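Atoms within a ligand are numbered from 1 in the order they appear, just like the ligands themselves. Quick caveat: nothing in here was measured; it's all calculated off a predicted structure.
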Amino acid sequence: MIKIHSGAEIEGMRRAGKLAAELLCMIAPHVKPGVTTDELDRLIDEWTEARHARSAPMNYNGFPRSCCTSPNEVVCHGIPGPYVLKDGDIVNIDVTPVLPRKDGWHGDTSATFYVGDPSPQAQHVVEVARECLELGLAAAGKPGARVGDIGHAIQVYAEAQGCSVVRAYCGHGIGKTFHSEPSVPHVGRPGTGPKLKRGMCFTIEPMINLGDWRCHELDDGWTAVTSDGSLSAQFEHTIVVGKRGVEVLTARDRVLVNSEDKPWAKLGPLACFTD
Ligand code: MF3
Ligand code: CO
Ligand code: CO
């Protein structure tokens, strides 16, 4: 059963989504060479706690931190730790504040950041992933859209760009629970899957690999890495289906920037708006 949210419930989702968007903007300038992923996690946790919210990842099925940090060949669910970000890395930061803290609404959003100067390969996979989210949002916004239309739009574009789409992890229904129906695959066939209806809330979060789509989990039980060691990038938004089109609940009101002096930052994902 896919939950249909009422007007008052969507108001709660708007507040949580806005907080998630602001949290990602807060962390952006801290994503620099020399910082550890643990330090980023600590900043995210403190900022969230100071706003009467909590971090959904903490203790979620035993996850030990407040966000996911996924560098380079890590596809998703990377655990913040002593890893020091270095020039040329890419890193996805995935945040999910819950507002209010108790029995609250979830806002789930992520972006892949360049650390210092990116290689052309890194720029390619990050740009393709960013565009894939845009295309997924556009497909969801078409009248009469079905879940399969979203994955189809993403898959066609990613593969035409010489990249591949991860199959093992999908977007998901969201609300007072972190993960619920529907599952939103980032590959698919048009006209298949559940029809989108007003009041449904879910995420779109394509994971795009520079090489093969296969991935596997490390022994920590969380970290997913590409099986061929190729770079992987991801962007995520939480949306609600409206009367016409979709509303991006985690849309940012400013540009995500971590190095204003870099010309590529203006063109790349750090300067992106998906709203
Ligand atoms: N935020 C992730 C998602 O987009 C889920 C992370 S679950 C965790 O669905 F436990 F790893 F935090
Ligand atoms: Co998600
Ligand atoms: Co997420």
Asks: Quick one: the OD2 of D108, the Co ion (ligand 2), NE2 of H172 angle, rounded to 10°, please.
Replies: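 Output for this angle: 90°, rounded to tens.
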Asks: Identify all N/O pairs between ligand 1 and the protein with a separation under 3.5 Å and present them as a table of atom names and distances.
Replies:
residue: ligand 1; atom: 1 (N); partner: D94; partner atom: OD1; Å: 3.1
residue: ligand 1; atom: 1 (N); partner: D94; partner atom: OD2; Å: 3.2
residue: ligand 1; atom: 1 (N); partner: D108; partner atom: OD1; Å: 3.2
residue: ligand 1; atom: 4 (O); partner: D94; partner atom: OD2; Å: 3.2
residue: ligand 1; atom: 4 (O); partner: D108; partner atom: OD2; Å: 3.1
residue: ligand 1; atom: 4 (O); partner: E205; partner atom: OE1; Å: 2.8
residue: ligand 1; atom: 4 (O); partner: E205; partner atom: OE2; Å: 3.3
residue: ligand 1; atom: 4 (O); partner: E236; partner atom: OE1; Å: 3.0
residue: ligand 1; atom: 4 (O); partner: E236; partner atom: OE2; Å: 3.1
residue: ligand 1; atom: 9 (O); partner: D108; partner atom: OD2; Å: 3.4
residue: ligand 1; atom: 9 (O); partner: H172; partner atom: NE2; Å: 3.0
residue: ligand 1; atom: 9 (O); partner: H179; partner atom: NE2; Å: 2.8

Asks: Would H179 count as a contact for the Co ion (ligand 2), in the sense that one of its N, O or S atoms lies under 2.8 Å from it?
Replies: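 Looking at H179, which is the residue asked about, there is no N, O or S atom under 2.8 Å from the Co ion (ligand 2).
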Asks: Take atom CZ of R101 as the centre, draw a 6.0 Å sphere, and report whether it contains more than 12 heavy atoms from other residues, nucleotides or ligands.
Replies: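 Enclosed.
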Asks: Nearest to the Co ion (ligand 2), which N, O or S atom of E205 do we find?
Replies: OE2
Asks: Report the name of the N/O/S atom of E236 located nearest to the Co ion (ligand 3).
Replies: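 So the atom name we want here is OE1.
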Asks: Is the distance between the Co ion (ligand 3) and the nearest N/O/S atom of D94 smaller than 2.8 Å?
Replies: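 Given the 2.8 Å cut-off, D94 counts as a ligand of the Co ion (ligand 3).
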Asks: Do F178 and V98 belong to the same hydrophobic cluster, where Ile, Leu, Val, Met, Phe, Trp and Tyr are linked whenever their side-chain heavy atoms lie under 4.5 Å apart, directly or via other members?
Replies: no
Asks: Among Y60, F63, Y169, find the one that has a ring pair (Phe, Tyr, Trp, His ring centres under 6.0 Å) with H77.
Replies: Y169
Asks: I need the M207 CE to E205 CD distance, nearest 0.5 Å.
Replies: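 It comes to 5.0 Å.
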Asks: Closest heavy-atom contact between V95 and A20?
Replies: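 Closest approach of V95 to A20, heavy atoms only: CG2-O, 3.9 Å.
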Asks: Using only atom types and a distance under 3.5 Å, with no angle test, would you say the side chain of D87 pairs donor to acceptor with the backbone of D117?
Replies: yes
Asks: Quick check on the hydrophobic clustering: are F235 and V75 connected, directly or via other members, by side-chain heavy-atom contacts under 4.5 Å?
Replies: no
